[in-house]
Number of protein chains: 2
Amino acid sequence: MDRAISVKLSPSLKASCHTCSLSNLCLPLAVDENQLDRLEDIVEQGRIYDRGDHLFDQDAPFRSCLAVRSGAVKTSIITENGSEQVTGFFLPGELVGLDSLSGERYACTAKALERTSVCRFPIEKLEELTSAMPELQHHMYQLMSKEIRSGHQLAMLLSKNSAEERIAALLLSLSSRFQRRRMSGTKFNLPMARSDIANFLGLAVETVSRVFTRFQNQGIIRTQGREIELLDTESLRGVMPEFNRQAP
Amino acid sequence: MDRAISVKLSPSLKASCHTCSLSNLCLPLAVDENQLDRLEDIVEQGRIYDRGDHLFDQDAPFRSCLAVRSGAVKTSIITENGSEQVTGFFLPGELVGLDSLSGERYACTAKALERTSVCRFPIEKLEELTSAMPELQHHMYQLMSKEIRSGHQLAMLLSKNSAEERIAALLLSLSSRFQRRRMSGTKFNLPMARSDIANFLGLAVETVSRVFTRFQNQGIIRTQGREIELLDTESLRGVMPEFNRQAP
DNA sequence: TACCCAGATTGATTTATATCACGCTTGTAG
DNA sequence: CTACAAGCGTGATATAAATCAATCTGGGTA
């Protein structure tokens with residue numbers, strides 16, 4: 001139903017930003033049409049990952065940032081005692097790995113939530129290119145800055161808001177991000193499991209379930225497994241007053 | 001009458017990174033000795049702020065990032081309904097405003113927690129300079145990436161850890177950051193009020209008080225107002241197993 | 001087809017921390 | 001010196017969400 005964006009995977013290793021339907025969301029966004037070749041020169045076409053596959057692992061040598069082409073990705077950090085914290089969900093056009101730019105190793109693990117394809121930007125080449133292209137450098141600063149901000153938003157959510165408010169906020173965030181991709185903002189598939197939502201929002205799975213059914217009973221949403229329809233986004237926004245714009 | 005107050009402000013607007021004692025912590029860290037002039041050329045000496053003064057205000061036009069020279073700063077975001085979320089504390093050598101690089105306006109308000117002086121890096125000039133100096137660009141990426149990471153750490157703390165664990169983590173973070181400044185890591189003054197700590201960590205002030213006294217009774221710390229002494233950092237680390245390094 | 005099992009839901013109970021209410025200290029202004 | 005407010009500490013109570021404990025569901029597969 002929502003096949004709005006179909007990514008054509010070229011067999012060659014080199015990806016074509018020129019023809020990519022995500023070029024208005026992804027890094028090419030910041031690059032002038034006639035300079036796009038330079039970005040294409042450094043980007044590598046990644047393979048296709050199945051649900052559950054790791055795109056990279058925490059503590060593995062850091063090589064490149066990834067742009068999601070299709071599918072969905074979750075990132076999480078694992079502590080020595082083995083507990084996991086989901087740190088983000090990434091949709092097509094979004095850049096994964098910005099938190100790892102400050103070390104030799106990946107700061108988190110990235111996992112495909114569904115069948116996913118990516119483009120890789122090797123970090124040395126990317127840095128060289130951003131040095132040479134001020135607009136691209138500016139864009140990188142913007143992306144990272146936004147990620148810092150959405151971290152602050154999340155902290156706010158976690159420390160000040162109830163379970164219902166947190167979940168409303170997440171649903172609205174996903175909604176607006178799907179919309180940016182020209183997909184329905186009111187009816188979509190949640191790419192992640194309830195337990196990922198719970199982990200990300202600092203809740204127990206049971207609480208997530210309960211809130212979903214409560215929202216459903218109030219006629220605000222309709223869910224069936226991972227399918228979800230936002231029936232009354234105004235009420236959702238009412239549950240969660242703050243939270244307007246927010247897309248990584 | 002002519003014994004006018006002589007403030008330690010150099011009359012010139014230009015600051016000297018060459019002679020600054022923080023040059024091994026701050027931006028100069030990434031710049032070669034013989035290139036330092038170029039950084040000095042763009043940095044502006046800011047004024048001195050008293051406790052409570054705003055260094056900049058949320059939604060004001062974004063002009064520059066600030067490096068703390070002396071004192072301490074807290075940043076916070078205010079939502080439409082007026083509730084505040086403290087998003088960070090900044091000590092000398094640390095850079096404030098990285099979350100604002102992605103817009104025309106400051107994403108948060110920065111307030112002096114005590115008498116504070118700063119250096120200002122006008123953003124256009126900083127971006128120009130980082131384009132010209134790959135090492136400085138690299139350093140900016142590192143700083144921002146670290147800030148993203150510490151956001152993740154905070155999210156983890158807020159969603160998985162108890163009041164005691166959160167406070168232990170904050171104390172250890174401050175301790176290690178003071179130590180980097182060649183100050184005691186075991187005996188220092190908390191620059192912020194209990195209410196700031198509470199807000200930052202998603203707790204009620206009362207809870208912060210209680211945990212402080214509990215720690216004191218267990219002989220882990222000694223507090224008297226804002227003075228604090230960490231008597232048993234091992235126990236503190238035991239309270240909060242994860243959380244080793246973390247300095248913005 | 002029937003079975004299995006991970007994920008999801010629902011209900012009952014517990015618990016950490018917020019909230020409410022109050023007293024104590026300290027620093028500053030009159 | 002006194003007064004006052006802001007910050008801090010402490011006790012009693014309320015509550016949202018965690019935890020514990022079943023049960024249900026549906027997609028994959030033997």
Side-chain angles (χ1 to χ4, degrees), chain A residues 50-52 72 74 83-86 111 113-115 156-171 189-218 221-228 239-240, chain B residues 50-52 72 74 83-86 111 113-115 156-171 189-218 220-229 239-240:
Chain A
D50 281 318
R51 176 190 286 204
K74 86 164 185 199
S83 87
E84 179 185 19
Q85 170 70 44
V86 174
K111 211 172 182 180
L113 289 169
E114 50 193 56
R115 186 156 253 257
M156 173 121 191
L157 214 55
L158 293 176
S159 73
K160 304 252 180 308
N161 295 108
S162 68
E164 293 199 351
E165 291 164 333
R166 296 181 210 182
I167 288 171
L170 177 62
L171 292 180
N189 276 5
L190 293 168
M192 72 293 282
R194 297 286 188 276
S195 56
D196 292 324
I197 295 177
N199 187 303
F200 180 63
L201 295 176
L203 298 169
V205 218
E206 295 92 328
T207 305
V208 174
S209 266
R210 281 187 249 271
V211 170
F212 270 51
T213 52
R214 219 176 300 155
F215 281 171
Q216 180 143 268
N217 293 339
Q218 294 170 234
I221 64 172
R222 202 193 52 71
T223 42
Q224 154 87 312
R226 293 192 177 189
E227 289 171 39
I228 187 163
V239 169
M240 181 64 246
Chain B
D50 280 319
R51 177 190 285 204
K74 89 166 181 195
S83 87
E84 180 184 17
Q85 170 69 45
V86 174
K111 212 172 182 177
L113 289 168
E114 50 191 57
R115 186 155 252 258
M156 174 121 192
L157 214 53
L158 293 176
S159 73
K160 305 253 181 306
N161 295 108
S162 68
E164 293 199 353
E165 291 163 334
R166 296 181 209 183
I167 287 172
L170 177 62
L171 293 179
N189 276 6
L190 294 168
M192 71 295 281
R194 299 282 189 277
S195 56
D196 291 325
I197 296 177
N199 186 303
F200 181 64
L201 295 177
L203 299 169
V205 216
E206 295 93 327
T207 306
V208 175
S209 269
R210 280 187 249 271
V211 170
F212 270 51
T213 50
R214 219 176 301 155
F215 281 171
Q216 180 143 265
N217 294 338
Q218 294 170 235
I220 297 176
I221 65 172
R222 202 193 53 72
T223 43
Q224 152 89 311
R226 291 191 178 190
E227 289 170 39
I228 187 163
E229 187 169 6
V239 169
M240 178 67 246

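Lettering of chains follows the sequences in order, A, B, ..., and the numbering in each one begins at 1. Everything numeric here is computed off the predicted structure, so don't read it as measured data.
Heavy atoms only, all atoms of each residue included: Gly225(A) and Arg194(A) are closest at O-NH2, 2.7 Å.
For the pair Arg51(A) and Arg115(A), the minimum side-chain heavy-atom distance is 4.5 Å or more. Annotation: side chain of Phe212(B) is in contact with side chain of Leu190(B) (closest heavy-atom distance under 4.5 Å). Between Leu201(A) and Val208(A) the shortest side-chain heavy-atom distance does not fall below 4.5 Å.
Counting to the nearest Å, the P atom of dT25(D) and the CZ atom of Arg226(A) are 19 Å from each other. The CG atom of Asp196(B) sits 15 Å away from the P atom of dA6(D) (whole-angstrom rounding). One interatomic measurement links the two molecules: NZ of Lys160(B) to P of dT19(D), which rounds to 10 Å at whole-angstrom precision. We find that CD1 of Ile197(A) is positioned 12 Å from C1' of dG7(C), with the value rounded to whole Å. We find that CG of Leu158(A) is positioned 15 Å from P of dT17(C), with the value rounded to whole Å. The distance between atom CG of Asn199(B) and atom C1' of dG7(D), rounded to the nearest whole Å, is 15 Å. Atom P of nucleotide dT10(D) and atom CZ of Phe212(B) are separated by 13 Å, given to the nearest angstrom. Remark: P of dG27(C) and CZ of Arg51(B) are 11 Å apart, rounded to the nearest angstrom.
Under the 4.0 Å criterion applied to side-chain N and carboxylate O atoms, Lys74(B) and Glu84(B) are assigned as salt-bridge partners.
Applying the 4.0 Å criterion to OP1 and OP2 of dT17(C), one finds that Arg210(B) has every side-chain N and O outside that range. For Ser209(B) and dT10(D), the shortest distance from a side-chain N or O to OP1 or OP2 is not below 4.0 Å. At dT10(D), one or more side-chain N or O atoms of Thr213(B) fall inside 4.0 Å of OP1 or OP2 (strictly under the cut-off).
When distances run from any side-chain atom of Arg194(A) to the nucleotides dA8(C), dG9(D), dT10(C), the shortest one goes to dA8(C). Closest to the side chain of Ala204(B), out of dA8(C), dT19(D), dA18(C), is dA18(C). You'll find that the side chain of Glu206(B) is closest to dT19(C), out of dC8(D), dT19(C), dT9(C).
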